[in-house]
Amino acid sequence: MKEKITGAKALMRALKAEGVTTIFGYPGGAIMPVYDALFDYTRGEKKCFDHILVRHEQAATHAAEGFARVSGQVGVALVTSGPGATNTLTGVADAMMDSTPIVVIAGQVAISSLGTDAFQEVDLVGVAQPISKWSYQIRRAEDVAWAVSRAFYIARSGRPGPVVLDFARNAQVETTEWEPTRVNFVRSYIPYPQLDDDAVRQAADLINNARRPLALVGQGVELGNAHEELKAFLEKADIPAGRTMLGLSALASDHPLNVGMLGMHGNYAVNLKEQECDVLIAIGMRFSDRVTGNVSTYAKQAKIIQLDIDRSEIDKNVKTDVAVVADCKESLPAITALLYKNKHREWRESFRELDMKERQKVIEPAIHPSEGPLLMGEVVNAVAEQAPDDTVLVTDVGQNQLFSTRYFKYKHKRSICTSGGLGTMGYGMPAAIGASFATDRTVCCFMGDGGFQMCIEELGTIMEQQCGVKLIILNNNYLGNVRQWQDMFWRRRKSFTKMMNPCYELIARGYGINYDVVIERGNLADAIAKMLHTPGPYILECAIKEDDDVLPITPPGMNVNDMMLEM
């Protein structure tokens, strides 16, 4: 006879079967049976999970995202019904935009109470469906094993993404005969499209005949673990490569074929050269508007090759000449095998003059200023110079994100966690917590004073867990990115972007977290060294010039080659 257990205990066994080790969560009434079952699985001989008690449910999803991005595994968030569930939706949408595999498990009222406006009832499946890869309501205990296995299969396979499970309370307490279930097929869902040999040949032919090829490398390379395949592809055909913000650590910063970051605030040369190349090879990137600028004028001179696992991305924003729909870990070596060994020295060297122009006008003044208040670029650069080579960069959203992604150094894969598509302020601190549970590497999180205060409650999680995250607050007393746009495009009418900030030292002291502040440039290097060598969590506040602007910039709606090096 098969063993009978509750649906809550079945969930524990199903999560264990999926290899889950870490759960980020917040308990409540509708999920209490699950938390009772979890008690035995977090201590004693049966221990197999670490449960991290966050201070807000949105933070649970961002922590799960950070964990997933660094570990390559599925992140898990566990919350209650009603506001507990709806608080996760920003993180779900963020994970959907950035193809991050997480599973959110939320409590729900009993099936008999659905539709009665019961306490903390909300139609979570209906709300989550448009912003998740799959959402499902578990109504019976006997469906738990199947639903969990299917959820993890969908979340991690193909183009990854978030899955939401709405777990009715009756299904948590009812009993069922336990039977392990493994889902590895879903009808009509094809996570790994079959490679088209004709498309591979067409792509190789275009690349072999190109005089000015340019690769655009996105996060798809990281998600597909295709780092070595990418290097072999680029090196064989001598192709310069730009990286999207989410793809920055897919290719090391010091690789000779790396020509910088793409996008509105990316590097000058690679953005302008998109308008000069004759073949553009997009690898695991989605042609975001922040990359293309005015899409009607984008790369019209080039033949476009797009490599993507998701067919819906093909021709969505930019019309392609050849589409290779497959996992890039499969498509890249298939194309590489057909490529000639080539040299494009003259084309690659043509980037240098533009690089030098940017370095002279933008980079050197940003990282090595001679006077005045501290600048964001110099703080990021100073941290990057001292941090270990395998440091994980986590950012919040705003100028802190744009400066830190530009000036940090990337030498190892899965070294960046940032909110790309949704641009979620408050993402940084909880994502850094999640990252710290995914790795023993140093985790440095850059935040503005605005984003820091959006997730300030998570200092409680850091205090309790003693996460060794290094939090760098770039404090300019403004919502800096909005302020910059107001200065540039809204006649300097700074409408509600000036911020009155608290004393961060007192806050750090209240949470028992090490703290230091840097105001003078001469103290910066020593303060960073102290932060990096102090065990445990650390807050380093840096007093930044209030009108420090992110440059270069392609003004919104303008052409890529309209990128500005100065205001």
Side-chain angles (χ1 to χ4, degrees), residues 56 58-59 62 66 90 94 245 263-265 290 366-367 369 373-384 392-408 416-420 422-433 435 443-459 462 469-488 494-505 507-508 513 515-519 524 527-528 531 537-551 553:
H56 191 282
Q58 181 179 337
H62 294 325
T90 297
D94 192 278
M245 183 180 286
M264 176 181 282
H265 292 288
R290 287 296 175 102
I367 65 175
L374 286 171
L375 301 181
M376 293 192 193
E378 73 171 309
V379 173
V380 174
N381 182 68
V383 173
V392 175
L393 169 70
V394 183
T395 85
D396 206 81
V397 167
Q399 288 184 316
N400 65 90
Q401 175 188 40
L402 303 171
F403 275 110
S404 57
T405 52
R406 273 182 59 85
Y407 294 117
F408 213 73
I416 180 169
C417 294
T418 191
S419 174
L422 200 63
T424 306
M425 286 182 69
Y427 170 94
M429 195 189 305
I433 292 170
V443 177
C444 288
C445 177
F446 289 88
M447 296 173 287
D449 40 314
F452 179 83
Q453 291 179 77
M454 280 196 174
C455 58
I456 199 167
E457 79 286 340
E458 295 313 310
L459 291 175
I462 292 173
V469 295
K470 311 304 181 185
L471 307 175
I472 302 104
I473 306 174
L474 303 175
N475 185 2
N476 58 8
N477 298 299
Y478 267 98
L479 298 175
N481 208 41
V482 184
R483 190 274 312 154
Q484 179 175 340
W485 281 42
Q486 287 172 337
D487 281 351
M488 293 185 71
K494 298 180 179 64
S495 181
F496 300 102
T497 45
K498 179 76 171 177
M499 296 192 72
M500 178 181 287
N501 288 320
C503 176
Y504 294 119
E505 180 178 10
I507 291 170
I513 296 174
Y515 168 91
D516 198 0
V517 62
V518 179
I519 299 173
L524 181 61
I528 291 170
M531 173 186 72
Y538 202 103
I539 295 174
L540 179 64
E541 179 185 359
C542 299
I544 300 297
K545 181 183 178 186
E546 287 192 347
D547 59 350
D548 192 9
D549 291 322
V550 187
L551 291 168
I553 180 173

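Side chains included, hydrogens not; waters and symmetry mates left out as well; all remaining heavy atoms used.
In this structure, F446 has its ring center no closer than 6.0 Å to that of F403.
Here CE of M245 is found 3.5 Å from OG1 of T405. Values are rounded to the nearest 0.5 Å. The distance from atom CD1 of I473 to atom CG of D449, rounded to the nearest 0.5 Å, is 8.0 Å. Here CE of M425 is found 4.0 Å from CE of M454. Values are rounded to the nearest 0.5 Å. Distance CD1/I456 to CD1/I507: 4.0 Å, rounded to 0.5 Å. Within the model, atoms CE of M447 and CD1 of I539 stand 7.0 Å from one another, a figure rounded to the nearest 0.5 Å. Of the inter-residue distances, the one linking D548 atom CG with L375 atom CG reads 4.5 Å to the nearest 0.5 angstrom.
In this structure, P502 and Q453 have side chains that are in contact, with non-hydrogen atoms separated by less than 4.5 Å.
Residues N476 and Q399 come closest through the heavy atom pair ND2-OE1, 3.3 Å. Taking both residues in full, the closest heavy atoms of H62 and G426 are given as CD2-O, 4.0 Å, listed atom of the first, atom of the second, then distance. Closest non-hydrogen pair, V394 versus A435, comes out as CG2-CB, 4.4 Å. Closest heavy-atom contact between A432 and V469: O-CG1, 3.4 Å. V517 and L540 make their closest contact through N-CD1, 4.5 Å (heavy atoms, listed as atom of the first residue, atom of the second, distance). Between D396 and G428, the shortest heavy-atom distance links the atoms OD1-N, 2.8 Å.
Residues satisfying the side chain to side chain donor-acceptor pair (under 3.5 Å) criterion with T418, sequence neighbours excluded, are T395, Q401. Residues passing the side chain to side chain donor-acceptor pair (under 3.5 Å) test with D549 are R483, sequence neighbours excluded. Every residue two or more places apart in sequence or in another chain that forms a salt bridge (charged side-chain N to carboxylate O under 4.0 Å, His left out) with E546 is listed here: K498. D547 pairs by the salt bridge (charged side-chain N to carboxylate O under 4.0 Å, His left out) definition with K545, not counting sequence neighbours. Not counting sequence neighbours, the partners of N475 by the side chain to side chain donor-acceptor pair (under 3.5 Å) test are N501, E541. Not counting sequence neighbours, the partners of D94 by the side chain to side chain donor-acceptor pair (under 3.5 Å) test are S419, T424.
Checking side-chain atoms of N381 against main-chain N and O of I367 turns up no donor-acceptor pair under 3.5 Å. Q484 places a side-chain N or O within donor-acceptor distance of the main-chain N or O of V550, the cut-off being under 3.5 Å. Side chain of E458 to backbone of A431: no donor-acceptor contact under 3.5 angstrom is found.
Checking L374, I472, I544, V379 one by one against V518, the side-chain contact (heavy atoms from CB on, under 4.5 Å) holds for a single residue, L374.
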As a quick check of understanding, evaluate side-chain contact (heavy atoms from CB on, under 4.5 Å) for F408 and V383, giving each step before the final call. CA-CA 8 Å; F408 213 73; V383 173; 4.2 Å; yes
Between I513 and L471, does the side-chain contact (heavy atoms from CB on, under 4.5 Å) criterion hold? Intermediate values first, please. CA-CA 10 Å; I513 296 174; L471 307 175; 5.8 Å; no
side-chain contact (heavy atoms from CB on, under 4.5 Å) between K494 and D487, worked out: CA-CA 7 Å; K494 298 180 179 64; D487 281 351; 2.9 Å; yes
